[in-house]
Amino acid sequence: MSQQTIRVRFAPSPTGYPHVGNIRTALFNWLFARHNNGTFILRIEDTDQSRKVDDALDSILGSLKWLGLDWDEGPEKGGECGPYFQSERLDLYHSYAQHLLDKGHAYKCYCSPERLEQMRTDMAARKESVRSYDRYCRNLTNKQISEYESQGITPVIRFKIPLEGQTTFHDLIRGDITFENTELDDLVLLKSDGYPTYHLANIVDDHHMKISHVLRADEWLSSTPRHTLLYKAFGWKPPLFAHLPMILGPDKSKLSKRHGATAVTEFQDQGYLPQTMINFMALLGWSLDDKTEIFSKEELIRHFSIERISKTGAVFNHEKLYWMNGAYLRELSHQDLQQHIMPVLEKGLPPHIARPISDEYVRKIVPLIQERINTFNEAATYADFFFLDDNLEYDPMLLIAKKMDSPSTLKVLIAANERLSTVECFDHDLLETTLRSLADELGFKAGQVFSPLRVACTGRTATPPLFETMTVLGKERCLARIKLATKKLQQISG
RNA sequence: GCCCUCAUCGUCUAGGGGCCUAGGACAUCGGCCUUUCAAGCCGAAAACAGGGAUUCGAAUUCCCUUGAGGGCACCA
């Protein structure tokens with residue numbers, strides 16, 4: 001069996017911050033490369049000067065690094081086929097454009113943007129199917145050419161699409177796809193600013209970088225016949241294509257800024273784990289079987305195959321991502337979890353709380369919140385009462401539990417305060433026996449005692465288990481908070 | 001408008017002629033557990049777009065319709 005060398009690339013353009021749609025493409029390429037012991041190349045397609053965004057490159061590299069999608073060739077890494085920025089390969093594209101010109105596969109076009117626009121409006125007005133270009137310059141006479149040249153117009157170079165016949169290419173996911181050449185337009189290869197278009201640069205680079213498989217988003221499908229024709233004009237063997245199903249917004253259209261398409265790094269900021277993102281994105285358009293949901297990166301690499309990529313677009317389901325992160329978070333050791341939430345606490349807790357936050361104190365809290373948060377960032381809001389001073393703010397009515405009223409609640413609080421004062425040192429078992437017997441003595445159900453104490457100590461009705469929470473807070477603070485609760489209740493009951 | 005692609009629960013999907021009275025996951029609802037909230041466990045509801053054809057038999061093959069998406073830039 002001939003072992004083909006697998007070389008794939010992720011080729012983003014630095015025109016914005018990559019979102020899940022973009023990065024999912026990177027992930028599939030990476031998985032395919034790693035599964036096949038191949039090479040994963042990162043190439044920056046910075047050929048559009050006008051849309052260039054300054055820190056987009058950092059965001060691209062940052063996203064990939066965060067997710068551990070390491071590249072074998074590319075920026076910061078180098079490689080035999082560099083440079084890996086298209087803006088540094090302009091000479092190459094020029095020479096190939098010239099080559100096509102010489103071979104009669106391309107021509108110079110002097111049409112102004114205004115003329116092009118007019119042409120398209122006219123077509124639309126005549127209810128013709130709108131073409132991108134009417135081939136006006138395809139057969140210019142020498143006289144016309146020198147006339148344009150003398151006007152100082154810088155032409156673009158267009159590719160000559162064959163006027164008849166069909167172009168068929170094979171897609172690894174969709175099978176054979178055929179286009180009538182008459183449906184294809186003479187696309188621009190080299191822009192008047194001297195930069196190549198995607199089409200030219202992409203083909204030249206994929207060839208020179210010996211790319212074996214092109215795994216790219218579905219939106220490129222209709223460009224592929226043009227690319228096929230370009231490979232043919234150059235006399236190059238095209239790579240194998242696999243057009244990935246797209247990731248969609250809630251309205252089922254292509255995920256974009258319109259949907260508030262979240263930059264991948266934002267998930268990092270929100271307290272998601274990279275492994276969650278990898279796992280989740282892998283399942284957007286790929287699956288192993290009818291049951292497995294949670295995959296380690298290694299399992300993903302082991303099982304990934306193009307055959308199991310689906311054809312249909314996938315709506316990005318934030319809810320499931322959230323659940324999945326919770327699943328991963330719960331698997332973390334207490335120590336790992338603490339490491340993740342320390343910075344969150346430092347940053348997210350109200351500023352008046354003294355810094356640095358105590359490691360030792362947080363260590364006690366971590367086990368109490370692990371199964372109650374789904375993202376790291378939630379720690380700061382969920383567990384803030386552990387850190388706030390004892391003058392908690394909350395609606396005193398919360399103190400009154402079901403089937404309780406103000407006087408009975410007051411009775412509980414006062415009795416609890418009294419009884420707890422006699423407890424030497426708070427710990428779970430001691431608190432439990434003490435408070436349960438107190439409830440008995442008072443003739444209340446356990447919950448009728450626990451509930452007001454919970455609110456008193458935390459200001460909330462939903463908290464980690466009461467005794468553990470009180471133990472972490474400690475006797476002094478709990479008693480102070482219970483006294484405060486008593487006072488609050490007395491005030492509203494007059 | 002033209003071209004291309006796609007079509008299973010609300011969402012992500014399994015399914016490649018009989019194993020499907022269509023399986024799993026998220027979300028939803030109910031129950032158990034329980035000091036609250038979670039987590040966990042158990043259960044429920046929820047889909048083969050429509051119509052033809054092929055076949056003993058179709059979610060699975062073919063055709064048409066419909067719907068959806070993508071593309072039609074000197075953007076990628």
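Residue numbering restarts at 1 for every chain, and letters A, B, ... go by the order of the sequence lines.
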**OP:** Under 4.0 Å between any heavy atoms, over every strand shown, what does A/P196 touch: base, sugar-phosphate, or nothing? Just pick one.
**Re:** sugar-phosphate
**OP:** Could you tell me whether A/S192 contacts a base, only the sugar-phosphate backbone, or nothing, with contacts defined as non-hydrogen atoms closer than 4.0 Å?
**Re:** base
Subject >> Distance-only donor-acceptor test (3.5 Å): side chain A/R372, base B/rC37 >> reply: yes
Subject >> Below 4.0 Å: OP1/OP2 of B/rG15 and any side-chain N or O of A/R308 >> reply: yes
**OP:** Assess whether one donor atom and one acceptor atom, taken from the side chain of A/R174 and the base of B/rU5, lie less than 3.5 Å apart.
**Re:** no
Subject >> Sugar-phosphate only, base, or nothing, as touched by A/N202 at under 4.0 Å among non-hydrogen atoms >> reply: nothing
Subject >> NZ/NE/NH1/NH2 to OD/OE distance under 4.0 Å, A/R308 and A/D289 >> reply: no
Subject >> B/rU13 phosphate, OP1 or OP2, under 4.0 Å from A/S310 side-chain N/O >> reply: yes
**OP:** Identify whether any heavy atom of A/E293 sits under 4.0 Å from a base atom; if not, whether one sits that close to sugar-phosphate; answer base, sugar-phosphate or nothing.
**Re:** base
Subject >> Touch class at under 4.0 angstrom, heavy-atom based, for A/P464 against every strand present >> reply: base
Subject >> salt_bridge(A/K364, A/E468) N-O dist < 4.0 Å >> reply: no
Original post:
Nearest of B/rU5, B/rG71, B/rU13 to any side-chain atom of A/A314?
Top reply: B/rU13
Original post:
Which pair of heavy atoms, one from A/R330 and one from A/N374, lies closest together, and at what distance?
Top reply: NH2-OD1, 2.6 Å
Subject >> B/rG30 to B/rU5 separation - P atoms, rounded to the nearest Å >> reply: 46 Å
Original post:
Do A/K320 side-chain and B/rA25 base share a donor-acceptor contact under 3.5 Å?
Top reply: yes
**OP:** Please measure how far the P atom in B/rU13 lies from the corresponding atom in B/rC6, and state the result in whole Å.
**Re:** 15 Å
**OP:** Using a heavy-atom cut-off of under 4.0 Å over every strand shown, decide if A/R460 touches base, sugar-phosphate, or nothing.
**Re:** nothing
Subject >> Minimum heavy-atom distance between A/R89 and A/H208, given as atom pair plus value >> reply: NH2-CB, 3.9 Å
Original post:
With sugar-phosphate meaning primed atoms plus P, OP1 and OP2, does A/T312 contact a base, only sugar-phosphate, or nothing at under 4.0 Å between heavy atoms?
Top reply: sugar-phosphate
Original post:
Got a salt bridge between A/R115 and A/D134, using NZ or NE/NH1/NH2 to carboxylate O under 4.0 Å?
Top reply: yes
Original post:
Distance between the C1' atoms of B/rU61 and B/rC48, in whole angstroms?
Top reply: 15 Å
**OP:** Report yes if a side-chain nitrogen or oxygen of A/T47 is closer than 4.0 Å to either non-bridging phosphate oxygen (OP1 or OP2) of B/rA76; otherwise report no.
**Re:** yes
Original post:
How would you label the contact of A/G326 with the nucleic acid (heavy atoms, under 4.0 Å): base, sugar-phosphate, or nothing?
Top reply: nothing
**OP:** Would you classify A/V156 as touching base, sugar-phosphate or nothing, given that sugar-phosphate means primed atoms plus P, OP1 and OP2, and contacts are heavy atoms under 4.0 Å?
**Re:** base
**OP:** Describe the nucleic acid contact of A/S253 in one word from base, sugar-phosphate, nothing, applying a heavy-atom distance below 4.0 Å.
**Re:** sugar-phosphate
